[in-house]
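Heads up: the structure comes next, in C-alpha cells.
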Amino acid sequence: MAWFKKDRKPIAQAKEKPSRVPEGLMVKCPGCAQILYHKDLATNQNVCPKCAHHFRIGAAERLRLLFDGSVWQEHDKDLVSTDPLLFVDTKPYAQRLETTIEATGLKDAIIVGSGALDGFETIVAAMEYGFIGGSMGVVVGEKITRGIERALEARCPVVIVCCSGGARMMEGALSLMQMAKICGALGRLDRARLPYISVLTNPTTGGVTASFAMLGDLNIAEPNALIGFAGPRVIEQTIRQKLPAGFQRSEFLLERGMVDLIVDRREMKGLIVSALRFMGAEASESDVAVALADLAAPVAEETGSAQPG
Ligand SMILES: [Zn+2]
C-alpha cells in the first residue's frame with residue numbers, strides 16, 4: 001500500500017477555444033512568437049522576417065532555391081531499399097517504408113539532381129528530413145555516391161545539403177557502411193581537384209556528421225542549426241554534467257572551428273556560387289553540361305534496388 005495517496009483530481013485543463021483561422025494559414029514563429037502568414041513565410045524562403053528563425057524545408061524546396069530557374073535533372077529517382085535485414089521494430093520496416101513513400105512522394109530520404117548554379121553545372125544532393133528523419137540507409141549512400149561519380153566523370157562540383165538524424169538503424173551495419181563508401185568517393189573527388197561544398201542545416205547529426213557532412217572543402221551551416229554526433233541529452237546523461245548554453249549549435253561550432261561559415265538561407269546560393277567561382281569551377285559553356293546530359297540519359301531509365309557495400 002502506498003503511504004501517500006493522491007485523492008484529489010488533477011486540475012482540469014482549460015479547454016482551448018476552437019480557432020477561427022483556417023488550418024495552415026498562419027504559423028507561430030518558435031524564435032520570436034510572432035504570428036506569420038504562411039504565404040509571407042514562403043516568399044521569404046521560410047525564414048522568419050522578424051527574427052530570421054530558419055524553418056525547416058524539404059529537399060525539393062531546397063533544390064528549387066538553389067538551381068537556376070528552379071530547373072534540375074533528377075538522378076536515380078527510383079532507387080528503393082530492399083529491407084535487407086527484414087527489420088521489425090514497432091512495425092515492420094517494409095511497412096514503414098511503404099507508408100513514408102506514400103506520404104512524401106519520395107522513394108528515400110534524398111534527392112540528387114544536376115543543373116546550373118548561376119551558370120555553374122553542379123551536382124546537388126538534398127536530404128529530406130520528412131523521410132524517416134532524413135536517415136541514411138543504403139539508398140541515400142548509393143545515390144550520393146553515384147552523384148559524386150557523375151561529378152567525377154563530368155568534372156563538375158558537388159554540393160550536399162545535410163538534414164539528417166544519422167544512419168538508418170533499420171538497415172544496421174549496412175547503413176554504417178555508407179559512411180565509408182561516400183567518404184571514399186569524396187576522396188576520389190578531392191584527388192580529381194573538384195570542389196565539394198557541404199551545407200549543414202537543422203539537424204545534422206549521427207553518422208552523417210561523422211562522415212560527409214564535415215568533409216566539405218567548405219562547410220557552411222545555417223544559423224542556429226543543431227549539428228553534432230550524439231544528441232545533447234545523451235551526452236549530458238553520459239558525462240553527468242550540464243552542457244554550456246548553445247552547445248552543438250552552428251554559432252558554438254563556428255567559434256571552435258568545426259564549421260567554416262554561418263550563412264543565412266537567403267544568401268546561401270550567392271555564397272555557394274562565389275565559393276565555386278573561387279575554387280575554379282567551370283561554367284556550363286564548357287563540356288560539363290553536355291557530359292552531364294549524356295550521363296543523365298541512361299541512368300534515368302535505371303530502376304531497381306540499391307546494392308549495399
Ligand atoms: Zn521569428
Side-chain angles (χ1 to χ4, degrees), residues 13-67 70 103-104 109 111 117 124 126-131 133-134 159-166 197-206 208-209 213 218-228 231-233 235-236 242-256 258-275:
Q13 292 287 318
K15 265 195 188 155
E16 267 186 52
K17 274 190 200 160
S19 167
R20 278 181 297 168
V21 182
E23 194 75 35
L25 184 65
M26 289 174 170
V27 62
K28 188 174 176 180
C29 173
C32 64
Q34 187 85 29
I35 307 293
L36 304 164
Y37 271 110
H38 241 305
K39 214 168 57 181
D40 294 346
L41 203 56
T43 54
N44 203 33
Q45 306 197 2
N46 282 289
V47 176
C48 172
K50 300 279 187 312
C51 73
H53 172 82
H54 282 51
F55 286 80
R56 187 174 296 142
I57 58 173
E61 178 64 16
R62 186 67 70 172
L63 296 184
R64 229 172 277 136
L65 294 179
L66 286 177
F67 282 121
S70 301
T104 58
I111 304 179
L117 258 67
V124 183
M127 303 186 81
E128 173 59 60
Y129 195 78
F131 198 105
V159 175
I160 302 179
V161 184
C162 307
C163 185
S164 173
I197 295 177
S198 172
V199 179
L200 303 114
T201 71
N202 185 38
T204 298
T205 56
V208 170
T209 310
L218 196 60
N219 297 326
I220 311 171
E222 280 195 344
N224 200 34
L226 176 76
I227 301 161
R233 227 177 327 138
I235 298 175
E236 225 161 26
K242 192 99 190 91
L243 295 169
F247 181 72
Q248 288 186 329
R249 294 284 164 180
S250 309
E251 293 72 13
F252 189 91
L253 294 178
L254 179 72
E255 232 170 74
R256 283 153 184 82
M258 287 285 282
V259 296
D260 300 311
L261 275 172
I262 297 178
V263 179
D264 191 293
R265 186 180 294 157
R266 294 163 289 187
E267 288 150 24
M268 189 63 84
K269 180 175 175 178
L271 190 119
I272 290 175
V273 168
S274 26

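Just so you know, ligand 1 is whichever comes first in the structure, and atom 1 is the first atom listed for that ligand.
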statement: Note on the Zn ion (ligand 1): protein N/O/S atoms within less than 2.8 Å are Cys29 SG, Cys32 SG, Cys48 SG, Cys51 SG
query: Is it true that Glu222 and Arg62 make a salt bridge, defined as a side-chain N closer than 4.0 Å to a carboxylate O?
result: yes
message: If the threshold is 4.0 Å, N to carboxylate O, is there a salt bridge linking Arg233 and Glu236?
response: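 Salt bridge between Arg233 and Glu236, a charged N being under 4.0 Å from a carboxylate O: no.
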message: I'd like to know whether Met258 forms a side chain to side chain contact (heavy atoms under 4.5 Å, CB included) with Ile227, so could you lay out the CA-CA distance, the side-chain angles of the two residues, the decisive distance to 0.1 Å, and finally the verdict.
response: CA-CA 10 Å; Met258 287 285 282; Ile227 301 161; over 6 Å; no
message: For Pro223 versus Ser250, what's the shortest heavy-atom pair and its separation?
response: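 For Pro223 and Ser250, the tightest heavy-atom pair comes out as C-OG, 4.0 Å.
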- prompt: Under 6.0 Å from the CZ atom of Phe247, do we count more than 12 heavy atoms belonging to anything else shown?
  reply: yes
query: How would you list, by chain and number, every residue that makes a side-chain hydrogen bond (donor to acceptor under 3.5 Å, both in side chains) with Asn224, sequence neighbours excluded?
result: none
